[in-house]
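Heads up: the structure comes next, in structure tokens.
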Amino acid sequence: MQRFVDTVLAVIKESVKTVTYESLNNIARLINGVSAILLTILPAKANVLEGLQGWELRPTFRGPRLPRWMENGVSSFNKFIHELPMDSDTSSVDYSSAEEDGDGMYPPTPSSQCSRMSRSSTFSKNYGHSTGWTIFFFSWILFPLRFLLGVPIRFCRLFYIRRSTASPRGSHQNSPLHGIKKIHSLRDHVIHRTTDRRRGVIEDLNLAIEKLLKQSGDGFCLGQVATNDIRGGVSDTSIPAATLGEDDPAPTEMKTTLHNSLNTDARTCQDVITELGYPYEAIHVITSDGYVLLLERIPRRDSRKAVYLQHGILDSSMGWVSNGVVGSPAFAAYDQGYDVFLGNFRGLVSREHIEKKISSQKYWRYSINEHGTEDIPAMIEKIHQVKSAELKISQPDLEEDTNDDQHYKLCAISHSLGGAAMLMYLITSRIEEKSHRLSRLILLSPAGFHHDSSLVFTAFEYMFLPLAPILACFVPAFYIPTRFFRMLLNKLARDFHNYPAVGGLVQTLMSYVVGGDSSNWVGVIGLPHYNMNDMPGVSFYVAHHLAQMKRSKKFRMYDYGSASANMDVYGSPEPLDLGEYYGLIDIPVDLVAGKKDNVIRPSMVRKHYKLMKEGGVEVSYTEFEYAHLDFTFSHHEELLAYVMSRLLLVEPAQKQLRNEKSLRLKRKGQTRF
């Protein structure tokens with residue numbers, strides 16, 4: 001009879017498992033099929049999708065392209081690293097400098113031995129609480145299944161218990177082994193799931209059903225387990241799992257927990273840099289108005305040439321390293337011998353501020369003005385302090401220049417909103433007669449002028465500006481407010497990749513929203529900086545500032561709404577028109593536009609170029625066949641080569657001082673004769 005009961009239980013569980021799996025898969029196929037039908041009738045889809053690598057307008061296309069190191073989710077980064085030859089070195093990529101003397105020799109890129117490091121966890125301490133709520137949510141969705149499955153199972157178990165009471169000895173001998181086998185089976189299952197890859201919502205539903213079946217088979221209620229997890233915290237039962245050791249590539253033991261089964265990708269820029277074997281340093285910068293910024297660094301402490309990279313709107317420093325060793329500007333600059341600094345604007349959901357309990361309304365009350373006059377100045381001054389102190393220590397015989405206290409050259413690369421903020425910083429510094437410490441500026445599709453834009457942006461302008469005074473009281477910023485929905489977005493990005501027609505439909509619809517721009521919007525959503533723990537947001541006043549620029553057709557500072565308020569800030573009833581002061585720019589500027597960019601069109605970048613030319617600025621203008629996000633999130637060798645070539649036009653401080661000294665000696669020799 002015992003064998004009969006076990007057989008009945010196994011048949012019921014496998015039958016329900018098969019039915020539910022096939023039902024979910026059929027629902028997913030149905031959604032994917034409907035999306036494919038909708039995708040065929042949408043206009044202009046070819047222009048949106050065929051510009052992406054990995055998209056094909058045939059039934060075999062693979063979905064939106066993610067960066068290579070994250071195509072398979074959590075564990076694929078290490079898989080990419082360990083697929084390299086054992087004796088490989090990331091410095092094998094040739095980005096050699098054209099300098100002829102010995103000053104241009106720098107240590108190679110860190111070896112692959114360091115890049116074999118594997119981080120055991122990328123989840124926050126509060127992840128278990130959110131996972132408990134997620135399991136509780138799934139338990140109520142699957143309540144009918146749990147009820148229908150529980151009735152026959154409980155009946156069979158009751159019958160089995162009555163039979164087993166007649167022979168307590170046999171029960172005492174078999175029950176512990178039976179329970180141990182179930183525990184090991186569950187643990188092996190969780191190990192496979194947690195160490196495999198990041199999953200989407202559909203795969204998590206499959207996992208939840210399988211866990212439900214196992215717990216129902218043991219007579220437990222998933223709802224009770226989830227409630228206990230929420231009240232007392234998720235159980236941290238240790239599970240041995242194979243990972244790669246830090247010093248030995250052979251598999252070693254690590255510990256994971258059951259609450260990691262609902263995984264999500266929460267890697268940071270630090271994780272990407274260190275797992276590729278590059279050095280990393282985090283510098284916390286406090287602005288004059290109390291915001292705490294994260295300035296990240298790939299340090300070359302004795303280098304006399306540095307580069308500062310600043311991201312754009314709804315972005316972070318992750319954009320500069322998202323294409324791995326070969327395709328990322330940050331790593332390419334480091335391989336060229338640069339000390340690399342990655343700036344991060346204010347505007348994270350975590351609300352980093354010296355005032356720990358700052359309100360949401362107060363924290364998000366800033367415009368592009370604060371990006372250009374608070375954030376960038378604070379980070380550049382911190383770079384100057386760090387570089388000056390390190391160079392004095394590493395090179396005590398540093399030659400002093402009586403006209404300048406800066407013994408290194410600092411170039412800046414900015415994208416989108418970062419470009420507008422960088423221009424604002426440069427011009428306001430010149431107006432206030434302060435040192436901006438920059439030697440060259442490379443602007444990738446910079447913001448500032450927006451009057452030539454799509455119909456969608458124009459409609460947004462006409463609706464947003466009249467309602468702005470009312471909306472400002474209720475909407476401090478635009479972001480995803482809760483951890484659960486941020487996790488859901490992160491997992492949906494994986495579903496968009498697994499079900500390509502759905503991803504193609506979302507990609508096409510998002511491109512319509514942003515005026516037809518063919519950037520890889522779905523792939524960007526899947527990047528780790530949009531994770532459940534934190535994400536960049538957009539302040540209401542930043543959006544208002546952009547709408548003001550579009551309406552006025554000028555690149556100007558924020559309009560506070562009244563002549564008296566503007567007078568207090570600017571000393572004039574109207575905001576400062578930055579375009580009128582382009583003649584003050586005293587460093588070379590390189591402008592880059594994208595022919596397929598419908599967020600900031602090439603005509604708007606040419607507006608910057610025209611005003612700079614009229615002001616006598618040393619400026620260049622180049623166009624590439626790119627969309628707006630292709631400048632950071634896509635791997636384009638020609639863009640990377642162009643940016644590196646512009647950086648190499650700036651001589652290191654040491655070489656420049658030697659050349660100036662030799663020129664002075666030559667002139668003295670000529671005057672004698």
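Sequence positions, counted from 1, serve as the residue numbers for this chain.
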Take Ser445 and Asp597 through the side-chain hydrogen bond (donor to acceptor under 3.5 Å, both in side chains) test and state the conclusion after the steps.
CA-CA 8 Å; Ser445 190; Asp597 191 342; 2.7 Å; yes
Residue pair Arg556, Glu574: steps toward the salt bridge (Lys or Arg N to Asp or Glu O under 4.0 Å) verdict:
CA-CA 9 Å; Arg556 64 178 191 173; Glu574 292 292 327; 3.5 Å; yes
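The aromatic rings of Tyr278 and Tyr334 stand perpendicular to each other, their planes meeting at an angle above 60°, with 30° marking the opposite boundary. Ring geometry, His384 versus Tyr408: the interplanar angle falls from 30° to 60°, so the pair is classed tilted.
The minimum heavy-atom distance linking Ala547 with Leu465 is given by the pair CB-CD2, 3.6 Å. Closest approach of Ser328 to Ser322, counting heavy atoms only: OG-N, 3.7 Å.
Annotation for Arg430: atom CZ counts as buried by contact number, over 12 foreign heavy atoms lying within 6.0 Å. Counting non-hydrogen atoms of other residues, nucleotides and ligands closer than 6.0 Å to NZ of Lys554 gives a total of 12 or fewer.
With respect to Phe540, the ring pair (Phe, Tyr, Trp, His ring centres under 6.0 Å) criterion is satisfied by exactly one of Tyr558, Phe464, Tyr366: Phe464.
Looking at residues two or more places apart in sequence or on another chain, you find a ring-ring contact (aromatic ring centres under 6.0 Å, His included) between Tyr363 and Tyr291.
Remark: the Tyr582 side chain and the Glu580 side chain contain no N/O donor-acceptor pair separated by less than 3.5 Å. Looking at Gln385 and Ser388, their side chains never bring a donor and an acceptor atom within 3.5 Å of each other. Side chains of Thr632 and His311: a donor-acceptor N/O pair is absent below 3.5 angstrom, by distance only.
Separation of the Tyr425 and His436 ring centroids does not fall under the 6.0 Å cut-off.
Note on residues 460-480: pairs passing side chain to side chain donor-acceptor pair (under 3.5 Å), not counting sequence neighbours, are Glu461-Arg551. Screening residues 602-619 for salt bridge (charged side-chain N to carboxylate O under 4.0 Å, His left out) gives Arg606-Glu623 as the qualifying pairs, with residues at least two apart or on separate chains.
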